[in-house]
Amino acid sequence: MDPNRNQPPQDNKPEDKRPKGNLWVALIVTVVLVLLISSVVNAVINSQYTKTTYSEFLAAMENNELAEVEIRADRIVYLTKEEAAKPAAEQRACFTGLHSSGGTLALANELDEMGVKVDYQIVEDNSGIVLILYYVLMIALIFGMMRMLTRRLSGDGLMGGFGSSKAKVYMEKRTGVTFRDVAGQDEAKESLLEIIDFLHNPQKYTDIGAKLPKGVLLVGSPGTGKTLLAKAVAGEANVPFFSISGSDFVEMFVGVGASRVRDLFEQAAKVAPCIIFIDEIDAVGRSRDARFGGNTEQEQTLNQLLGEIDGFDSSKGVVCLAATNRPEILDKALLRPGRFDRRIIVDRPNLQGRLDTLKVHTRKIRLAEDVDLRKIAQATAGAVGADLANLVNEAALRAVRKGRQTVNQEDLMVSFETVIAGTEKKNSVLTDTEKRLVAYHEVGHALVAALQKHAQPVSKITIVPHTTGSLGYTMQMPEEEKYLQTSEELMIELRTLVAGRAAEQVVFGVKTTGAANDIQRATALARNMIAQYGMNDKLGLMAPASVSNPYLESQSYMDCSQETAALVDRESQALLQSCYEEAKELLLSHRPLLDEIANFLLVKETITGDEFMAYVNAEAKQLPEGTEESDGQQVEG
Ligand code: ADP
Ligand code: ZN
């Protein structure tokens, strides 16, 4: 097979995986072709002349029958007077071969004296070289043309490209990137530490019988540093780094993607331990559910990928990292245990994260005294790492344009405007009013969750715009894994979901689009409670909705009369409304607490669950004895 494969590929070079055997075939074909062509050409030329002998030529000369003579190094071509008399189209010249041009000059002079028209042109002795040169040139030309033709045909997978991988696999033996180059993202780094340790010393893990995850999914907005993190993992572990984009797998022709996947894993296995990084895995890992539009090629590629992931032995030290910003469309099979079962969120950086990112990128830049990176970090809420890297670079370019030796604060501020505010990121950098709204919305969720019994405690609240497009979010951490949920727990969840909107209403008296997702989820939950879980008194144990395919998480459909469907609608609405009122009441009764936490969040942008609970618990202590802080009906004094 490919002789290249046995050698470790060069750093940073895309690999040319064209088999070398083809080259020889092409060369032989070319030579045969050239010989064939030249013999055909000779035959055609010869057929126009009558071949004679030198004696016949001399005889014709003696008899004074010659009209025109052409003398060359290897031949004499002549026209008799008889032929010359005919019309030009019917004339037929004779020729006779010469093995040596010696003495032809005397012959030419003699013919000239006889009054014959003579053309004498002899290039001495190098006619052989000319001939060889002519052949070589021709071979080169045809060979080049053939190569171009086959490349064009196979290059885009039209021909011959089926089996051979042309995917752009980039391999770096040493990425040279370490965690020091990745600012912030501490949670992500922490989760990846184990993998690095494993790559350093797989033995330690296999001895005990532990299996490490084969796949880790990095989820986050574009530019948050997913690729950078993956490279840093390879750099820290000091192993080769293979990277490929998911879209490279997907081709028009069925089977091409699958063979590329096979190839990638084969290559990786040869240099294990190593890291395989698949960027934009959603291009290939999109759900096979028909709802998203099925596609045979993509399905086949995905199946191959699943097969390879199952097939490789993680104890050899191959770890597959994948990045996506659309985790929700990924196929469930891809996320199953044993595959990409670890998910690491790579968030947009908060204030501290942005400051650190700026510091990382200004390490090699000469800064003026007046530079205050913290100010820049404060101004760039919502910006991702890539934006900040770009900002710093723009500032440096501006300094050069202005003919300065160092980058000053003004450069940074001006490039902030062009990079962040000037681009489409405009809408993800929040105005002050928006920030306040988002802060109250999120604290509303968190507070209502905390104030109710059994509610999951929040682990983090942030108003840094988030990957899924929401402007902030409240992360809840389940204390224990729950398989069963009581109706009361579901009610608590409902109240928590609508609490964002409730806070907007209670504090600002406005309704924003920010609650759209909450409302959708609340509606779906309320409908399920009524139409599937039998939690409504009027419907009793009847389940008018059925789930068509539980494995694909497709939507349920209503299997009932129109009246029942209408009843489900009415009941869902009533349930949502009552939960909404209860949430509002809860917030109203804890208004000072709400204000306090929201203001704290506005300053810090991200607060932890502990910081949040400290406020809640502090308030609970101030309450008179005997009152339960979680009682929704109780009004504070
Ligand atoms: P993604 O893969 O998430 O789209 P990248 O990893 O390609 O993003 O990031 C693009 C660039 O942005 C990086 O090369 C780096 O210069 C910069 N960058 C992003 N995040 C960070 C970070 N946390 N620390 C330092 N630089 C970052
Ligand atoms: Zn919300």
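Every number for a ligand or one of its atoms is a count from 1 in the order of the listing. Nothing here was measured: the structure is a model prediction, and the numbers come from that model.
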Is a side-chain donor or acceptor of [X] paired with a backbone partner of [Y] at a separation under 3.5 angstrom?
X	Y	answer
Lys375	Gln409	no
Thr362	Ile365	no
Lys231	Gly176	no
Glu504	Thr512	yes

Plane angle bin for Phe241 and Phe277 - parallel if under 30°, tilted between 30 and 60°, otherwise perpendicular: parallel
Apex the Zn ion (ligand 2); atoms His441 NE2 and His445 NE2; angle rounded to 10 degrees: 100°
Enclosure of Glu581 CD (heavy-atom neighbours >12, cutoff 6.0 Å):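 More than 12 heavy atoms, drawn from other residues, nucleotides or ligands, come within 6.0 Å of this atom.
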Polar contact flag, side-chain donor to acceptor under 3.5 angstrom, Gln577-Gln573: no
The Zn ion (ligand 2) - name of the N/O/S atom of Asp518 that sits closest to it: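 So the atom name we want here is OD2.
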Quick check for students: name every N or O atom pair between ligand 1 and the protein closer than 3.5 Å, with distances.
from	atom 1	to	atom 2	distance (Å)
ligand 1	2 (O)	Thr227	N	3.0
ligand 1	2 (O)	Thr227	OG1	2.5
ligand 1	3 (O)	Gly223	N	3.4
ligand 1	3 (O)	Thr224	N	3.3
ligand 1	3 (O)	Gly225	N	3.1
ligand 1	3 (O)	Lys226	N	2.8
ligand 1	3 (O)	Lys226	NZ	2.9
ligand 1	4 (O)	Gly223	N	2.8
ligand 1	6 (O)	Lys226	N	3.4
ligand 1	6 (O)	Thr227	N	3.1
ligand 1	6 (O)	Leu228	N	2.9
ligand 1	8 (O)	Gly225	N	3.3
ligand 1	12 (O)	Ala386	N	3.3
ligand 1	20 (N)	Thr224	O	3.3
ligand 1	23 (N)	Ala183	O	2.9
ligand 1	24 (N)	Ala183	N	2.9
ligand 1	26 (N)	His361	NE2	2.7

